[in-house]
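Take a look at the structure set out below.
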Amino acid sequence: MSVLNELHKASLSPAAGQTSPEKHPMDDFLRMDRMPHIWCSTCGIGVSVNCFAKALEKLGLPLDQVVVVSGIGCTGRVAGYVKVDSFHTTHGRAIPFATGMKLANPKLKVVVFSGDGDIIAIGGNHFINAARRNIDITVICLNNFNYAMTGGQLASTTPEGSILSTSPFGSYEFPFNLPFLAESVGAVYVARWTSLHVYNQTNAMVEAMQKPGFSFVEIVAPCPTIFERQQKMGDGLDRLRWYCENSDIRNGASTKEADIRLRDRMVVGKFVDTSRPTYLDAMNAHYQERLGPKYKVYEG
Amino acid sequence: MSVLNELHKASLSPAAGQTSPEKHPMDDFLRMDRMPHIWCSTCGIGVSVNCFAKALEKLGLPLDQVVVVSGIGCTGRVAGYVKVDSFHTTHGRAIPFATGMKLANPKLKVVVFSGDGDIIAIGGNHFINAARRNIDITVICLNNFNYAMTGGQLASTTPEGSILSTSPFGSYEFPFNLPFLAESVGAVYVARWTSLHVYNQTNAMVEAMQKPGFSFVEIVAPCPTIFERQQKMGDGLDRLRWYCENSDIRNGASTKEADIRLRDRMVVGKFVDTSRPTYLDAMNAHYQERLGPKYKVYEG
Amino acid sequence: MAKTEIKIGGFGGQGVILTGYIIGKAASLYDGKDATMTQAFGPEARGSACSAQVIVSDGAILYPYVKRPQVMVIMSQEAFTKFSPELDPNGMLLIEDELVDAKGISPTVKVFGIPATRIAEELGRKVVLNMVMAGFFAAVSGLVSKEAMRKAVETSVPTGTEGLNLLAFEKGYEYGLGKVQAP
Amino acid sequence: MAKTEIKIGGFGGQGVILTGYIIGKAASLYDGKDATMTQAFGPEARGSACSAQVIVSDGAILYPYVKRPQVMVIMSQEAFTKFSPELDPNGMLLIEDELVDAKGISPTVKVFGIPATRIAEELGRKVVLNMVMAGFFAAVSGLVSKEAMRKAVETSVPTGTEGLNLLAFEKGYEYGLGKVQAP
Amino acid sequence: LPKPETPHGEIVILEERCKGCGFCTEYCPHHVLAVAMKYNAKGYHPPEILHAELCINCGFCRMICPEFAIYTYEPKTGEKP
Amino acid sequence: LPKPETPHGEIVILEERCKGCGFCTEYCPHHVLAVAMKYNAKGYHPPEILHAELCINCGFCRMICPEFAIYTYEPKTGEKP
Amino acid sequence: MKADPRGVLTGSHYIDGDFACCEGALAAGCRFIAGYPITPSTEVVERFARRAPMVEGALFIQMEDELAASITLQGAVWAGKKAMTVTSGPGFSLMMEHIGLAAMTETPCVFVDVQRGGPSTGLPTLPSQADMMQARWGSHGDYEIIALSPNSPQETFNLTIAAFNLSEQYRVPVMFMMDECVGHMMERVVIPPSDEIEITPRRYTKLPPGQYFPFKPGEDLVPDMFKAGDGYRLHVTGLTHDYRGYPVMTAEVQEQLVHRLVDKIRLNAPKIWRYEETGVEDADVVIVTYGITSRVAVEAIDIARKKGIKVGMLRLIVVWPFPEPRIFELACRGTALVVAEMNYGQVFYEVDRSARGKAPVVLAGHGGGTVHNIEDIVKKIEEAHRCRS
Amino acid sequence: MKADPRGVLTGSHYIDGDFACCEGALAAGCRFIAGYPITPSTEVVERFARRAPMVEGALFIQMEDELAASITLQGAVWAGKKAMTVTSGPGFSLMMEHIGLAAMTETPCVFVDVQRGGPSTGLPTLPSQADMMQARWGSHGDYEIIALSPNSPQETFNLTIAAFNLSEQYRVPVMFMMDECVGHMMERVVIPPSDEIEITPRRYTKLPPGQYFPFKPGEDLVPDMFKAGDGYRLHVTGLTHDYRGYPVMTAEVQEQLVHRLVDKIRLNAPKIWRYEETGVEDADVVIVTYGITSRVAVEAIDIARKKGIKVGMLRLIVVWPFPEPRIFELACRGTALVVAEMNYGQVFYEVDRSARGKAPVVLAGHGGGTVHNIEDIVKKIEEAHRCRS
Ligand SMILES: Cc1ncc(C[n+]2csc(CCOP(=O)(O)OP(=O)(O)O)c2C)c(N)n1
Ligand SMILES: Cc1ncc(C[n+]2csc(CCOP(=O)(O)OP(=O)(O)O)c2C)c(N)n1
Ligand code: SF4
Ligand code: SF4
Ligand code: SF4
Ligand code: SF4
């Protein structure tokens, strides 16, 4: 079995990747042996990973119980870099994978971290149904308005008029208003921030993870290599400046007004923060009521 | 080629199905050689087919230009009975099939007629994305709160507490509020009626088909064989009586309030009637603006 | 190896499948025999004639389908028309007397009738018609023991309805005994 | 059948692929030869060394990959480190003089340098660096005719930028001629 | 102004199509119809006309019939609502 | 009541990780940082400390850095915001 | 390991194959089903939905579609459950991407396909055996799976347990290929006491974090497993990955990983094969068959024997991996082969290949909708017999 | 029929296989692509998105997923367009249900799969040829398709046209199986004038409504077609249906319909086969290969010939249906066969089967990520040569 021998050899050779001589306080949250990450300079993904690490630190949860699930995409690579149990699944299906995980072991804190294309284009059906069921997971959706990993195509979130490789003369589709959609299907926590809003973003992640039920955080983030370049909006730093000038923080704003247009001002904030029983709580309560003491409360 | 011979023989034998000696004014809308249809006594599907035929009559469209597309389910069988070009596709995918049809030949009036499970459980992603794009089709969704064809399982629309074969002790899931969902993703016309409301239902179908863009009509209908029986709600006639007593007609009501609970009063009416460019209109306008006269308006 | 093929026919709602199930279960779980029950499914079948097929055998059943039933239990005229040609000419036909007219059946077939619906109605619930037929079948065919049939009925009907169903079974059984013991 | 393998290396953003494309296109569409261009793709490759490979041949090219390039055009040090070992010891190495130090290269290799970045900057747009290299390549290697290269440049760059790009090409070409004509 | 004449409808029942749901009989606004005692060949009770003269040709029965088994028309104009 | 002391932060820059996005230099609320002229091995300009004394240990630079290349701490308490 | 008694409904039952599959799963320790209804498989999940609240730690969820169902179960597996999903043709087609994911991430799990007539919506309520090649080849890329096919409710119960055990032993998705006939046929199913049911536990690593590498195989080419929440803090990806689970997109790592994934089944195949032979010793013709068709074929064999042809049967229980050498042996002996299956030729291709021209191989195919006409099989036996001589 | 000049970009172009595929489609009359991006196929639709507004009647839509893309195109076909969709492994897996639908409803259309390394997400940017069996067997139930595999951008252009023509002629979904190498390789592509491009028009019925039955086959087993809006008012379903298109769920109609669906390809196979032989006449060893691997194998052949082994090549252009008799012929002649493909054995199984033990069949497999190492193929040639003697 020569394959086996080869594999044994491989496992003896030292791990690839360099270990930085200096340490950053967040290094424990990261797979340092996989650094540097693949994200471009001035990309917003790294910022959100940083905020996420901070949010975990703030929450003070034992990291052993945190799970990150991603789909496929630039953002989908997040699962590969955070040093918790992390699953890089298939395109669009992070949410059902996370659902299985959470239901199988309710003690886990399950976070889906993925891109807008992944979560709401191909993954749309899972998004709406998981929210409806109020599965107790947090979905962090990094919205860079395009499919970056595949080179920059139209997404379900692309603002009208955007130039991308499959909308070479500008998009004429109407994008989703994600907070409105999330609210309509019953998400209990809905917030939107940009890459610039690092404190708010971090707080939203903390609140979302603390919230029992389906919580949703949309992060509007630059993809300088594709989206901003194609729109001639400069790089990620230019885009942060734009966010700074054009974001209206309006907590509690009606999600109906949260539409995003390519060059208009944009509402950010916490839009929904409500409560209803999670899927498992509803199930346990229901069975206890219907089946009485013979029902053993499901705990995983 | 013995197969061929057999087929030739088959094609010579007279068509199955009986022709009624007497005629009904709607018979021209139906494949009478396939009657009687498979729907149970007091099922609401036949009522809506009747209303749909009436709506077509009222619209006065040449039937040659009408196309009905269904998915799979009891309601999905509608495509097999209406005598227009009709396509019985796969479970959940009637909307994208209809999208292809409409975009390929914009002169066709394309109607999707299918069940709630088909359109919004497995088909949810297509529903939200077609609405977002404002594809110029009408979606008639017969909501009988369960998967009837497969013997009565939980659907994404099943009210909490309903007993079905996969919720044998009662469902503990929170169902979609379809009008709210439809509005949040940009449907330009949204109405809900019950099987009892035959005039309103017919009118809604007429209005929906007249409306350019993605229009959505939800019909709450009895499935006496399964849903009403399991809930001990009697047969379809009992259910019509229930609708009669428990429907609040509130045109223009906020879709947020259109939640359906198993035994509570229910809001029906026309909720959304608005306008924005259809996918093709937006495309043509956009290309004309960007590409100027060298762009030939797309007409199929 | 003794092997008997049984077919039960009627219309949807008469409890045809349950009758077959009870026969199969009785033979297989409580009578030390083997029994295979199969049925024809179909979405088009709603409300029309439906059937259950049971093979009861002393030994292992390999081929699981009924080809030429020796015993047929028929509860509707449509089912009679559809299924009776399959019956073994030397077989046995059990019919719901008031719903089925067995005209045209081969004279070599032994026909036994029971007004099962009426008996069921007398018991207050028309739905136990199938249990009356089951009792009748047990008595007339002698293929499955009464005790086994009773156990199968008891363990197969919804909790709370055992009494009524067993009563219906007994009524059918008695009626059947009368038929076979009478000359 | 004369067949030459060419490899162009640099970092993402330098226009490495376009350079390869122009060489291939020139040879294949305007010089009556066959030319196959291949490239290494990879999501992990963002920003790091990338390469284009071109085979130019008088006859049909079957095997499409470059195994031992006879000509290498290198625009970054990292690319030099990564790719130069593949170069044919009797081959030709064209480098961006100020970005690449060709130390350690076999003495049998003919090395030609050009300060392409500086030339491009002098023309006002650093991005035309690759066109300078293309011109340099045309002059030094002689593998593809100048006219063919010019046509390929003209038809491959964004409309409106043809002039600038052709100018850059000419600069590189002239510089190259100087190098090869000089003893 | 002359009071407009109340329209009148003739009712046609295609008995063999009926599945006896009772929708038409229940919801006829003028209580024109009743459930017949007889069975059709499918074993259902079709509607029967109780008060033919009361039918105003509103067509509700036609619209609500899941089986396309009943309709009305205005005998003079032939109008089918 | 004594006025609370303004907190102070020490800045640590892990230069080799930096991809020169400029986020930290741009958004440091006290303009402590600037873009250095030099390049790191990856070819980017990392930030450099202009006014070390002005750092209030707010941690914004740390949070916004996509490369985990900068952080601050309170030298006395060791606190890392 | 012995079965957990809480899931085992010891006793005799008169149930159909679908119910038997559910009971087999519960006995095997399956505590999680993510399903989506589809005829004729729905009864499996319907029973599970009813049983789950009574079995501690068991959970049923009906997902929004088969895409979701087929990955939700994998999430559950990595969180520590034994899990399966259940479907039929159209749903099975939708699960293909995630069968590939399970193969790539070596996720032990069971996919039940109760076969009905296809292609497309086809014959929703009627039988076929025409998803056999799909079970093996339906996802993109190279991978191997195990597929089993029961021919009675009792065997459905037994083999469902075997399916779970094999999936755990080889960390591979197992395809449980029923057919509508077996799924809907009622027979006695005897469920033994739990201590008579042998269960393969998950092969969790015994190594501590740091020493354990999630995709470093053991001698049998199968790596040990971890689960989320155990403190390993590891990564699992559908990308080509190294022994640490890290994505490495190179031809070398692809060769290391994917070659092992196929070899772990190919090289272990002799341990996985399972078939039953009847009257093969002196047979001139052997029918190769599986599932319900094996029970139809016996009648044909009887008839043919009466006509003087010596016919035997090789019934495949594990269909994939395929017992190629045994077929070759039979062919070399000169035994003609008839492949009886409810399709227009699927397992036939492997039988035909394995025979290597040494003996005639005849397809007794049938489009489904009902089992074979017995006479048709007899004719094929005669044909094979003629070809042989 | 000649090509519509509006879609034909006559002239010489230096483009890659993906772009050539787009141009081939446009030349073939394709006016509708429903797509979903996936590496390495995206360039096909990117080009189409750019070209469509310039070609009258052409439309590109990017759908929300591959499920949608693979059925949207069928809606477009029934409304009168020639249409295709384009994807790669993971997306191809998601399209399986709708490939079955197209087969069942006899919808002429083209599915392009630019193969990358699998299984699962695998090697997104790197080549493989490991979806070949999936192309044939990936959907549930019995059906047959046609699959083609080009080995250069020029051939991609040509064969894309052939793919559309075959799909129209046989009313069958055609799988266009590229690989990442061909997809991303740039070469000269000469697009002839439109009047030199032969196009198979859709076989629309000439019968009037009432006389025309949508699934009544012609002599070649293929029925003529109608389109929505033409006044036929007919029904099309994925259920088993009779010649009128009406669902009839019986074993008899299943046999009539599905047997014909497989036979229309199986019996017409000799007209569909297409392969290219080089140096086969006197060869002792023949390499059977396709796609990019055929261009790698030539180097191995050169080396082997230099070592004195007479090696030829049979390059499959149409891979499915498979030219079984030709392989058998070669095997009977005693020619040893080497199957070179970028996978761990797929087309190999058909070659092996077709040889019927008459000659050794050796797999030169490779997991993908890059083309074969030439030396590895040479070794297999030597091995085959040894086995032969
Ligand atoms: C089934 C499937 N379809 C398509 C792809 C190709 N694909 C990979 S990532 C991606 C889009 C990612 O976009 P998004 O989720 O927005 O993430 P980003 O890269 O922008 O961060 C696509 C289409 C795939 N991997 N699998
Ligand atoms: C891919 C796929 N999954 C599952 C099924 C099985 N199936 C057929 S109809 C149906 C549900 C239909 O429910 P709904 O749309 O609500 O229609 P109804 O029967 O209630 O009218 C299901 C799950 C299928 N045909 N295809
Ligand atoms: S391509 Fe865009 S999203 Fe992807 S890493 Fe680069 S900047 Fe970020
Ligand atoms: S099962 Fe329900 S939905 Fe289906 S036909 Fe009967 S009543 Fe109607
Ligand atoms: S509505 Fe139609 S089906 Fe119902 S009772 Fe009246 S006639 Fe019969
Ligand atoms: S934020 Fe980080 S990557 Fe950006 S310039 Fe500062 S240190 Fe460098």
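This structure is a prediction, so every number in the text was calculated from the model and none was measured. First the proteins, then the strands, lettered A, B, ... as listed; each starts at 1.
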Under a 4.5 Å cutoff for heavy-atom pairs, which residue among [options] has the most contacts with chain H?
{"options": "His98(G), His366(G), Gln346(G), Arg136(G)", "value": "Gln346(G)"}
{"options": "Gly141(G), Pro127(G), Ala103(G)", "value": "Gly141(G)"}
{"options": "Val248(G), Asp352(G), Asn343(G), Asp131(G)", "value": "Asp352(G)"}
{"options": "Gly89(G), Pro119(G), Gly357(G)", "value": "Pro119(G)"}
{"options": "Gly367(G), Ser88(G), Ser139(G)", "value": "Ser139(G)"}

Contact part of [X] toward chain H, heavy-atom cut-off under 4.5 Å: side chain, backbone, both or neither?
{"X": "Glu350(G)", "result": "side chain"}
{"X": "Tyr349(G)", "result": "both"}
{"X": "Ile99(G)", "result": "neither"}
{"X": "Thr250(G)", "result": "backbone"}
{"X": "Arg116(G)", "result": "neither"}

Within the 4.5 Å heavy-atom criterion, are [X] and [Y] side-chain neighbours or not?
{"X": "Met178(G)", "Y": "Gln115(G)", "result": "no"}
{"X": "Met104(H)", "Y": "Thr240(H)", "result": "yes"}
{"X": "Val362(H)", "Y": "Phe348(H)", "result": "no"}
{"X": "Val112(G)", "Y": "Val114(G)", "result": "yes"}

Please rank [options] by heavy-atom pairs under 4.5 Å with chain G and give me the top one.
{"options": "Leu67(H), Asp113(H), Asp142(H)", "result": "Asp142(H)"}
{"options": "Met96(H), Gln254(H), Arg266(H)", "result": "Gln254(H)"}
{"options": "Gly238(H), Gly118(H), Gly100(H), Ala251(H)", "result": "Gly238(H)"}
{"options": "Ala130(H), Gly345(H), Gly369(H)", "result": "Ala130(H)"}
{"options": "His241(H), Met132(H), Gln134(H)", "result": "Gln134(H)"}
{"options": "Val258(H), Thr237(H), Thr370(H)", "result": "Val258(H)"}

Under 4.0 Å between a Lys/Arg side-chain N and an Asp/Glu carboxylate O for Arg356(G) and Glu324(G)?
yes
With a 4.0 Å cut-off, would you call Glu144(G) and Lys264(G) a salt bridge?
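Not counted as a salt bridge, because no side-chain N and carboxylate O are separated by less than 4.0 Å.
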So which atom in [X] and which in [Y] form the shortest heavy-atom distance, rounded to 0.1 Å?
{"X": "Arg171(G)", "Y": "Pro214(G)", "result": "NH1-O, 3.7 Å"}
{"X": "Thr85(H)", "Y": "Met95(H)", "result": "OG1-CE, 3.5 Å"}
{"X": "Phe111(H)", "Y": "Ser70(H)", "result": "CE2-CB, 3.8 Å"}
{"X": "Pro321(G)", "Y": "Ile146(G)", "result": "CD-CG1, 4.2 Å"}

